[in-house]
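Take a look at the structure below.
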Amino acid sequence: MKSQVIIIGAGAAGLFCAAQLGQGGKSVTVLDNGKKIGRKILMSGGGFCNFTNLEVGSQHYLSSNPHFVKSALARYTNWDFISLVAQYNVPYHEKELGQLFCDNGAQDIVDILQKECIKGKVNIQLRQQISAVKQLEHGFEVVANGQSWTCEQLVIATGGLSMPGLGATPFGYQIAEQFGMNVISPRASLVPFTYRESDKFLAALSGVSLPVRVYSQSGTSFANQLLFTHRGLSGPAILQISNYWQPNESIRINLLPHDHVADILQHQRQSSPKLQLKTALNRILPKKLVELWLEQGIFQDDTLANLSKVRLNSVENIIHHWQFTPNGTEGYRTAEVTMGGVDTHQVSSKTMEALNIQGLYFIGEVLDVTGWLGGYNFQWAWSSAHVCAQGI
Ligand code: FDA
């Protein structure tokens, strides 16, 4: 079987690239191991797909080659994708922080990609087990389900390792290594942290959520919600900081980012000296959290009048400077993305073609490009897919 271009992976990047190539007149075949296209898209954004963000720049991405994303993001912007969504009359809304979600559901995005692929006469082959990829004198041979396919250009769009239940495999990394390319060690990211033994008492707070500002050791910080779970800490603030966390490091959490607890307590001491510390804290923090701190002896209750400077300092420390050392992360099972991947120093930022292997391209999450939470990972899929299609 022959196809001008073969794309491996029918996810966000693979489908978008295929549609554009097909509409440009190329014969394109997409091979995927799953029984459905765009499975991660359907799961994304809690089922409503946060498909891009109103503000997108290279500062929203991590890569060992930080400039790599600039060209693709400039050539296919968030506004380009937003206008595609609008062309299909798909209703969407901004949830917070510029994050755009579908009103009706993520299926709307999969439907757009499918219709775009139909326009481009793309041949999509599902349930394909790929057993070999070989470079030929001109092009490549791909063996899938025992059948041999040849193509002039081969695009790897197999994504990262998160959510193995949705078909994630290390295939893209293996292909890169087969062709002598470097792969930056992958690790789970945008992922909840787990408790160390000594923090497991916090499991009692499971379900409690509050706005925080969380800091990595290198000083990057995010203000958003933190959620206590029975296994550890989650919520958007924690997922964001996980991109910047290294094993054994601690993170700092400000549990009251918009106020100063010392000022509040000093003020209340003057107006109501007999007020209990617990009552004062219950007014500004989740009750369950305050109760657990007291239960655990993290501080003792007393009237505000009796609150010594030392005790005030310790309350201030736990609220504004909580040092939390994760045991680890929940790993690929719940991670939204994979950090690391195919080394972008060995890929053209203009076309996504491997610098040393003519005709071999890598797009989307398989590359060492990780976006923040907030629609940035899909935007990378769209932008990298677009420049690849233009480059072929
Ligand atoms: P993607 O993973 O989408 O597609 C890869 C495809 O390759 C899959 O279809 C897979 O089956 C196939 N494949 C893998 N190995 C293969 C093999 N050996 N042979 C054949 N096929 C193979 N991002 C965002 O911007 N906004 C959001 O709201 C969310 N939400 C979200 C929720 C959850 C639960 C997850 C897990 C992830 C997100 N993300 C997200 C991240 C986003 O889903 C991700 O970055 C993109 O889907 C990456 O697109 P790709 O096309 O690169 O890979």
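When a ligand or atom number is given, it counts from 1 through the structure's own listing order.
Side chain of Ser349 to backbone of Ser71: no donor-acceptor contact under 3.5 angstrom is found.
Evaluated by nearest non-hydrogen atom to atom 26 (N) of ligand 1, the leading choice among Leu190, Val366, Asn50, Leu161 is Asn50. When the heavy atoms of Glu336, Met43, Lys36, Gln99 are ranked by distance to atom 31 (C) of ligand 1, first place goes to Glu336. For atom 5 (C) of ligand 1, the nearest non-hydrogen atom from the set Ala13, Cys102, Ala157 comes from Ala157. Here the shortest heavy-atom distance to atom 32 (C) of ligand 1, taken over Ala10, Cys17, Ser44, belongs to Ser44.
Between Ala168 and ligand 1, not a single N/O pair is under 3.5 Å apart. The N/O atoms of Asn33, backbone and side chain alike, include one that comes under 3.5 Å of an N/O atom in ligand 1. When only interatomic distances are considered, the shortest N/O to N/O separation between Gln128 and ligand 1 does not fall below 3.5 Å. Between Ile130 and ligand 1, no N or O atom pair is found at a separation short of 3.5 Å. Considering both main-chain and side-chain atoms, Val337 never comes within under 3.5 Å of ligand 1 through any nitrogen or oxygen pair. Annotation: Gly160 places no N or O atom under 3.5 Å from an N or O atom of ligand 1; distance criterion only.
Because its NZ or CZ atom is both nearer than 6.0 Å to the ring centre of Phe101 and within 45° of the ring axis, Lys95 counts as a cation-pi partner of that residue.
Using bins of under 30°, 30° to 60° and over 60° for the plane-to-plane angle, the ring pair Phe324/Tyr195 lands in the perpendicular bin.
Closest heavy-atom contact between Gln268 and Leu275: OE1-CD2, 3.4 Å.
No hydrogens or angles considered: nothing links the side chains of Arg231 and Thr194 as a donor-acceptor pair under 3.5 Å.
Under a 4.0 Å criterion applied to the non-hydrogen atoms of Arg39, ligand 1 contributes the atoms 11 (O). Close contacts of ligand 1 with Gly159, meaning ligand atoms under 4.0 Å from a residue heavy atom, involve 5 (C), 52 (O), 53 (O). Interface atoms of ligand 1 facing Glu365, defined by a heavy-atom separation under 4.0 Å, are 44 (C), 45 (O), 46 (C), 48 (C), 52 (O).
Checked against a 6.0 Å centroid threshold, the rings of Phe362 and Tyr173 do not count as neighbours. Aromatic rings from Phe222 and Trp372 are positioned such that their centres are separated by under 6.0 Å.
Ion pair Lys119/Glu116 flagged as a salt bridge, since at least one NZ, NE, NH1 or NH2 atom sits closer than 4.0 Å to an Asp/Glu carboxylate oxygen.
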